[in-house]
Amino acid sequence: MEIKEIKENKKQFLPLLLLADEQESMIDTYLERGTLYVLEDNGVKSVCVVTDEGKGILEIKNLATESAFQRKGYARALLDFITAKYKKTHSILQAGTGDSPLTLPFYEKYGFTQSHRIKNFFPDNYDHPIFEAGKQLVDMICLQKKL
């Protein structure tokens, strides 16, 4: 298993990025200013985009694993890598996600706690309704973890 930082041609990973954020125009708002990490294990398995939000805050903007390889520890390996890499330069790791029975438990199991909500984030920012596990996402739930 190897994790690499991608500095050029980040859009080559768009199909995988769209698994976590299904609207390309939203990905465009953070992809170039963010740092893209790719986890390879006999091929690309998972990606993560993080942004420096200032004041010691690092934000996960996108974390996605190929569908066939989910629940095999790849996303957790990326979070472990990011935590180790940034714990000396940042104090908070945050992520925003929908109220999903799939995504929230993943982050909570990793030690994230809910800090606040952004009401109507998904209807206000996406050109179509977003569903995960049969549930329409409305509010963004903001999570934080101390590094």
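Computed from heavy atoms alone, side chains included, the values below leave out hydrogens, waters and symmetry copies.
A donor-acceptor distance shorter than 3.5 angstrom exists from the side chain of Tyr110 to the backbone of Asp80, with no hydrogens or angles considered. For Asn62 (side chain) and Cys48 (main-chain N/O), no donor-acceptor pair under 3.5 Å exists by modelled atom type. A distance-only check finds a donor-acceptor pair linking the side chain of Lys10 to the backbone of Gly34 [under 3.5 Å].
Contact of the Ile141 side chain with the Phe121 side chain is not registered, since no non-hydrogen atoms from C-beta on lie closer than 4.5 Å. By the 4.5 Å heavy-atom criterion applied to side chains, Gln94 and Gln144 are counted as neighbours.
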Verdict with reasoning, Ile92 to Lys146, per side-chain contact (heavy atoms from CB on, under 4.5 Å): CA-CA 5 Å; Ile92 300 287; Lys146 290 185 181 182; 4.0 Å; yes
What do the steps show when you test Tyr86 against Thr35 for side-chain contact (heavy atoms from CB on, under 4.5 Å), and what is the final call? CA-CA 12 Å; Tyr86 291 99; Thr35 303; 4.1 Å; yes
Step-by-step side-chain contact (heavy atoms from CB on, under 4.5 Å) determination, Leu104 to Gln114: CA-CA 9 Å; Leu104 276 176; Gln114 295 186 27; 4.3 Å; yes
The test is side-chain contact (heavy atoms from CB on, under 4.5 Å); show your working for Met1 and Leu39 and say whether it passes. CA-CA 7 Å; Met1 186 179 334; Leu39 184 149; 3.5 Å; yes
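Residues Gln12 and Glu8 come closest through the heavy atom pair NE2-O, 4.1 Å. The shortest non-hydrogen separation linking Ala64 to Leu19 is CB-CB, 4.2 Å. The shortest non-hydrogen separation linking Leu137 to Pro123 is O-CD, 4.1 Å. Across all non-hydrogen atoms, the minimal contact from Pro129 to Gln136 is CB-NE2, 3.7 Å.
Transitive grouping of hydrophobic side chains (ILVMFWY, heavy atoms separated by less than 4.5 Å) brings Leu31 and Val38 into a common cluster. Clustering ILVMFWY residues whenever any of their side-chain heavy atoms sit less than 4.5 angstrom apart, transitively, puts Ile82 in a cluster other than the one holding Val47. Ile3 and Val50 end up in the same hydrophobic cluster when Ile, Leu, Val, Met, Phe, Trp and Tyr side chains are linked at under 4.5 Å. In the hydrophobic clustering of ILVMFWY residues, with side-chain heavy atoms under 4.5 Å counting as a link, Phe69 and Leu16 come out apart. Linking ILVMFWY side-chain heavy atoms closer than 4.5 Å, directly or via other members, places Ile6 and Leu17 in a single hydrophobic cluster.
Summarising the geometry, atom CG belonging to Leu18 is positioned 9.5 Å from atom CD belonging to Gln23; distances are rounded to the nearest 0.5 Å. Here the CD1-CG distance, from Ile130 to Asp21, works out to 7.5 Å after rounding to the nearest 0.5 Å. For the atom pair NE2 (His90) and CG (Asp52), the distance works out to 3.5 Å, reported to the nearest 0.5 Å. In this structure, CD1 on Ile57 lies 6.5 Å from OG on Ser91, to the nearest 0.5 angstrom. Going from atom CG of Leu78 over to atom OG1 of Thr65 covers 7.0 Å, rounded to the nearest 0.5 Å. Interatomic distance, Glu22 CD to His128 NE2, rounded to the nearest 0.5 Å: 3.5 Å.
For Tyr107, the ring-ring contact (aromatic ring centres under 6.0 Å, His included) partners at least two apart in sequence or on another chain are Phe112. Partners of Lys135 according to the salt bridge (charged side-chain N to carboxylate O under 4.0 Å, His left out) rule, which considers only residues two or more places apart in sequence or in another chain, are Asp99. Residues passing the side-chain hydrogen bond (donor to acceptor under 3.5 Å, both in side chains) test with Ser100 are Glu132, sequence neighbours excluded.
Taking 4.0 Å as the cut-off between side-chain N and carboxylate O, Arg33 and Glu53 count as a salt-bridged pair. Salt bridge Lys119/Asp124: absent, no basic N to carboxylate O contact under 4.0 Å.
Screening Phe106, Tyr37, Tyr74 against Leu63 for a side-chain contact (heavy atoms from CB on, under 4.5 Å) leaves a single residue, Phe106.
When the shell of 6.0 Å around NZ of Lys11 is examined, it contains more than 12 heavy atoms from other residues, nucleotides or ligands.
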